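These numbers were taken from a predicted model, which means no experiment stands behind them. Chain naming here is simple, since letters A, B, ... match the order of the sequence lines and numbering starts at 1 in each.
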Amino acid sequence: MSKTPTDNTLQAIISHAKEYGFVFPSSEIYDGLSAVYDYGPYGSQLKKNIRDYWWNSMTQMNENIVGIDAAIFMHPTTWKASGHVDSFSDPLIDNKDSKKRYRVDHLIEGHAEKLIEEAAKAGDAGDELRKRADKLIADMDALFANDDFAGLKKIIEDNKIHCSVSGTGNWTEIRQFNLMFSTELGSVAEEASTIYLRPETAQGIFVNFLNVQKTARMKIPFGIAQTGKAFRNEIVARQFIFRMREFEQMEMQFFIKPGTQKEWYEYWKNERMNWHLSLGIPAEKYRYHDHVKLAHYADAALDIEYEFPFGFKEVEGIHSRTDFDLSRHQEFSKKKMQYFDTEINQHYIPYVIETSVGLDRLFLLILSNSYEEETINKEDGTTDSRVVLHLPAKIAPNKLAILPLTKKDGLPELAKELMNDCKKSFHCFYEEKDAIGKRYRRQDAIGTPFCVTIDHQTKEDGTVTIRHRDSMGQERIPMSQVKALVLEAINK
RNA sequence: GCGAAAGUAGCUCAUUUGGUAGAGCACGACCUUGCCAAGGUCGGGGUGGCCGGUUCGAGCCCGGUCUUUCGCUCCA
């Protein structure tokens with residue numbers, strides 16, 4: 001079986017990420033752990049730079065957005081209020097013949113809808129069918145409330161609900177997949193002490209809404225930003241670091257006056273896309289995907305999708321969450337989650353627009369977009385190749401490589417002088433081993449935007465050669481101007 | 001979770017019917033060199049993913065298992 005080009009691209013990126021210290025399989029000496037990955041020296045730095053760029057674009061560039069860092073552990077009631085305990089654990093059933101998997105509630109509801117359709121055709125005689133459909137739904141809800149899986153399976157069998165693909169009623173047992181990881185707080189494993197690893201970071205923002213609003217003296221509209229780990233026990237976690245069980249989110253919840261959600265939804269939709277484009281990613285690699293079927297908390301939702309080597313996939317979600325979360329926390333905690341608006345002299349529970357990016361997905365996006373196996377036509381007519389990461393200068397792990405042409409004649413001393421000056425301002429890399437061309441290629445492979453070569457002429461007139469990663473072009477500039485040139489490129 | 005393919009050195013891969021593993025690149029030392037993956041010498045690195053079976057003998061055959069990729073499914 002031949003591989004498609006896209007297979008090769010993702011494979012090449014995975015190999016490159018491992019070989020150059022960006023991403024390793026977790027616990028690799030023990031054969032790895034499914035869908036868990038570790039970030040290496042350059043990977044962790046790149047990830048941090050992406051996170052910092054996002055954080056600054058939120059909290060530094062907007063006077064009305066502040067940050068928090070909430071704990072991963074939260075009071076168990078948080079997840080009852082958010083709806084995660086109920087809707088994050090869907091019982092599933094498989095058809096043994098077609099191998100298709102269904103959510104049990106979808107399967108039974110689908111059958112009920114079919115009964116109602118038949119009832120409509122049958123006219124007056126359809127009353128019986130309508131009653132059956134209603135009873136079916138009522139029975140299902142009752143069984144769900146008691147977690148009675150055996151009873152649910154009996155419903156499926158009694159009603160002769162069949163798989164739409166195989167047409168058979170040959171079902172497996174119903175199984176529950178709880179997508180939240182749980183553990184015990186305290187040394188005694190009692191029911192009451194069960195807590196969850198957060199499946200999203202957003203709730204840490206909602207429960208702190210009043211703390212933040214009061215202490216930072218925020219006035220609506222304002223936002224709270226947070227980055228941090230979240231955990232989901234995905235049934236299927238795949239495609240490298242795209243879907244992991246432990247992942248990092250960068251979320252900003254923007255609190256607004258009820259009734260203004262449409263305009264703020266549009267505002268953040270554009271704002272966030274512009275942010276992505278500011279990383280130099282071509283616009284045609286992005287698209288919006290509007291949600292038709294909305295989550296329980298949203299009145300509008302869309303994904304920003306990027307064309308990965310394996311197709312268009314979600315990178316960021318923008319949700320109009322209404323006052324669902326704050327209302328639910330008010331209900332469950334019995335604490336008022338209201339804001340007093342001095343402009344209209346009224347209390348209200350704010351509405352929320354959420355922007356939520358997967359940091360690991362963004363990392364993969366940037367790696368995919370930057371990775372190039374380039375063929376170079378040399379002056380003598382022969383061709384050469386290089387692997388280069390066209391990382392934006394502002395997020396590249398190394399900003400500048402300082403390379404003395406030889407390791408003698410006092411060139412290393414001059415190079416280290418420059419190194420000591422520049423490393424206070426940004427990440428530099430120093431190397432005197434191997435031929436200069438080889439050192440250039442190594443820096444290309446990890447995406448270093450600039451290389452500076454110290455040669456014999458430097459000793460005479462204080463100039464150096466600066467080499468640009470993408471064009472491979474070189475120019476001669478005074479050594480004293482190197483730092484300013486790199487800083488300008490980073491801050492652009 | 002189902003189906004398909006794969007797993008040999010850090011990376012990319014050889015080893016064609018079973019006979020105790022090689023190359024290129026990478027890595028370390030030294031010599032020569034000095035502006036786009038230079039040359040030479042020497043060296044380190046693999047219980048062939050793991051476990052078991054068949055066999056006098058298994059990287060190769062068989063079973064199981066783990067991991068990865070692809071398709072389906074799932075992704076509030």
Side-chain angles (χ1 to χ4, degrees), chain A residues 1-4 6-12 14-21 24-37 40 82-90 92-103 105-106 165 172 175 177 179-180 199-200 232-240 242-243 291 293-298 301 303 309-311 313-314 317 319 358 376 378-379 384-388 403-409 411 432-445 451-457 464-469 472-474 476:
Chain A
M1 200 170 84
S2 68
K3 283 183 172 179
T4 67
T6 55
D7 293 342
N8 290 331
T9 306
L10 184 61
Q11 283 296 351
I14 293 170
S15 295
H16 189 83
K18 191 189 168 198
E19 183 168 8
Y20 288 94
F24 310 124
S26 164
S27 326
E28 197 188 7
I29 60 168
Y30 294 108
D31 287 333
L33 184 61
S34 182
V36 185
Y37 290 89
S82 70
H84 283 87
V85 170
D86 293 328
S87 68
F88 224 128
S89 56
D90 304 312
L92 302 171
I93 190 165
D94 293 347
N95 184 275
K96 287 179 187 169
D97 298 317
S98 67
K99 309 296 184 192
K100 292 269 285 185
R101 168 171 296 165
Y102 296 88
R103 269 174 61 169
D105 54 338
H106 288 178
V165 175
T172 63
R175 281 167 299 180
F177 294 89
L179 292 188
M180 284 197 291
E200 66 174 21
R232 294 181 194 179
N233 199 2
E234 301 279 359
I235 302 164
V236 179
R238 262 204 304 218
Q239 278 154 334
F240 195 38
F242 183 80
R243 176 168 291 128
H291 287 204
K293 198 179 160 209
L294 294 169
H296 57 271
Y297 53 71
D303 297 336
F310 41 85
K313 298 281 178 183
E314 177 189 359
H319 298 161
I376 302 157
K378 295 205 285 193
E379 285 172 9
D384 202 355
S385 68
R386 67 167 181 162
V387 173
V388 54
L403 316 168
L405 193 58
T406 77
K407 51 182 130 181
K408 46 181 193 259
D409 303 332
L411 299 187
E432 53 190 45
K433 220 181 86 65
D434 290 325
I436 195 70
K438 187 177 281 190
R439 283 181 271 170
Y440 285 156
R441 296 300 167 87
R442 276 202 282 260
Q443 294 305 312
D444 289 341
C451 293
V452 148
T453 304
I454 291 26
D455 58 17
H456 293 90
Q457 197 184 329
V464 296
T465 306
I466 189 157
R467 182 257 195 190
H468 299 264
R469 176 196 63 202
M472 297 173 74
Q474 306 190 40
R476 196 133 196 120

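Between Lys407(A) atom NZ and C30(B) atom P the separation is 7 Å, expressed in whole Å. Between the NE2 atom of His468(A) and the C1' atom of C36(B) there is a distance of 15 Å, given to the nearest Å. With rounding to whole Å, Leu33(A) atom CG is found 13 Å from U68(B) atom C1'. Taking atom NZ of Lys433(A) as the reference point, atom P of U33(B) lies 17 Å away to the nearest angstrom. Atom pair Glu432(A):CD and G28(B):P shows a separation of 13 Å (rounding to whole Å applied). Taking atom CD1 of residue Ile29(A) and atom P of nucleotide U47(B), one finds them 13 Å apart after rounding to whole Å. If you take CG of Asp455(A) and C1' of C35(B), they are 8 Å apart, rounded to a whole angstrom. Rounded to whole angstrom, the span from the CG atom of Asp434(A) across to the C1' atom of C31(B) amounts to 14 Å.
Side-chain nitrogen and oxygen atoms of Thr406(A) include none within less than 4.0 Å of the OP1 or OP2 phosphate oxygen of U33(B). In this structure, Lys438(A) does not reach the C35(B) phosphate: none of its side-chain N or O atoms is under 4.0 Å from OP1 or OP2. Ser34(A) has no side-chain polar atom (N or O) that falls below the 4.0 Å cut-off from OP1 or OP2 of C66(B). When the side-chain nitrogen and oxygen atoms of Arg442(A) are compared with OP1 and OP2 of C11(B), none of them lie within a distance under 4.0 Å.
Heavy atoms of Gln239(A) sit under 4.0 angstrom from primed sugar atoms or phosphate atoms, though from no base atom. Residue contacts shown for Phe242(A) are absent, as no nucleic acid heavy atom lies under 4.0 Å away. Among the atoms of the strands shown, only primed sugar atoms or phosphate atoms (P, OP1, OP2) are found under 4.0 Å from some heavy atom of Ala35(A). Contact annotation for Lys313(A): no contact, since no heavy-atom pair falls under 4.0 Å across all strands.
Residue Thr465(A) has its side chain nearest to C35(B) when only C35(B), C36(B), U68(B) are considered. Here C70(B) is the nucleotide among C35(B), C70(B), A38(B) with the atom lying nearest to any side-chain atom of Phe310(A). Among the nucleotides U69(B), A76(B), C35(B), the one closest to any side-chain atom of Thr453(A) is C35(B).
Look at G57(B): it lacks any Watson-Crick or wobble partner with both distances under 3.5 angstrom. With both pairing distances under 3.5 Å, A29(B) is matched to U41(B) as a Watson-Crick or G-U wobble pair. Checking C70(B) for Watson-Crick or G-U wobble geometry (two distances, each under 3.5 Å) identifies G3(B) as its partner. Taking a pair to require two hydrogen-bonding distances under 3.5 Å in either a Watson-Crick or a G-U wobble arrangement, U15(B) remains unpaired.
Separating the P atom of U67(B) from that of G49(B) is a span of 16 Å, rounded to the nearest Å. Using atom C1' as the reference point in both A9(B) and U69(B), the two lie 22 Å apart (nearest Å). A37(B) and C27(B) have their C1' atoms separated by 15 Å, given to the nearest Å. Taking atom C1' in both U68(B) and C50(B), one finds a spacing of 15 Å when rounded to whole Å. Annotation: C61(B) and G18(B) have their P atoms spaced 9 Å apart (nearest Å). For C35(B) and C70(B), the C1' atoms lie 44 Å apart once the distance is rounded to whole Å. Between U15(B) and U20(B), the two C1' atoms lie 14 Å apart (nearest whole Å). Between U12(B) and U73(B), the two P atoms lie 31 Å apart (nearest whole Å).
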| request: List the steps and the verdict of salt bridge (Lys or Arg N to Asp or Glu O under 4.0 Å) for Asp455(A) and Arg476(A). | output: CA-CA 11 Å; Asp455(A) 58 17; Arg476(A) 196 133 196 120; 2.9 Å; yes
| task | With side chain to side chain contact (heavy atoms under 4.5 Å, CB included) as the test, would you mind laying out the steps for Glu432(A) and Leu411(A) before giving the verdict? | result | CA-CA 10 Å; Glu432(A) 53 190 45; Leu411(A) 299 187; over 6 Å; no
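Between the side chain of Tyr30(A) and the base of C66(B), no donor-acceptor pair of N or O atoms lies under 3.5 Å. Between the base of C36(B) and the side chain of Arg467(A) there is a donor-acceptor pair shorter than 3.5 Å.
Nearer to the 5' terminus of RNA chain B, by closest-nucleotide assignment, is the contact made by Ser15(A) (compared with the other of Ser15(A) and Gly437(A)). Nearer to the 5' terminus of RNA chain B, by closest-nucleotide assignment, is the contact made by Glu19(A) (compared with the other of Arg386(A) and Glu19(A)).
A heavy-atom distance below 4.5 Å is found between the side chains of Arg232(A) and Glu200(A).
Results of the salt bridge (Lys or Arg N to Asp or Glu O under 4.0 Å) test with Asp444(A) over Lys438(A), Arg439(A), Arg469(A), Arg467(A) single out Arg467(A) as the only residue that passes.
To the nearest 0.5 Å, the span separating CD1 on Ile454(A) from CG on Leu405(A) amounts to 9.5 Å. Note: Arg441(A) CZ to Met472(A) CE = 4.5 Å, rounded to the nearest 0.5 Å. In this structure, His319(A) NE2 and Asp303(A) CG are separated by 6.0 Å, a value rounded to the nearest 0.5 Å.
Taking every heavy atom of both residues into account, Pro25(A) and Tyr37(A) meet most closely at CA-CD2, 3.7 Å.
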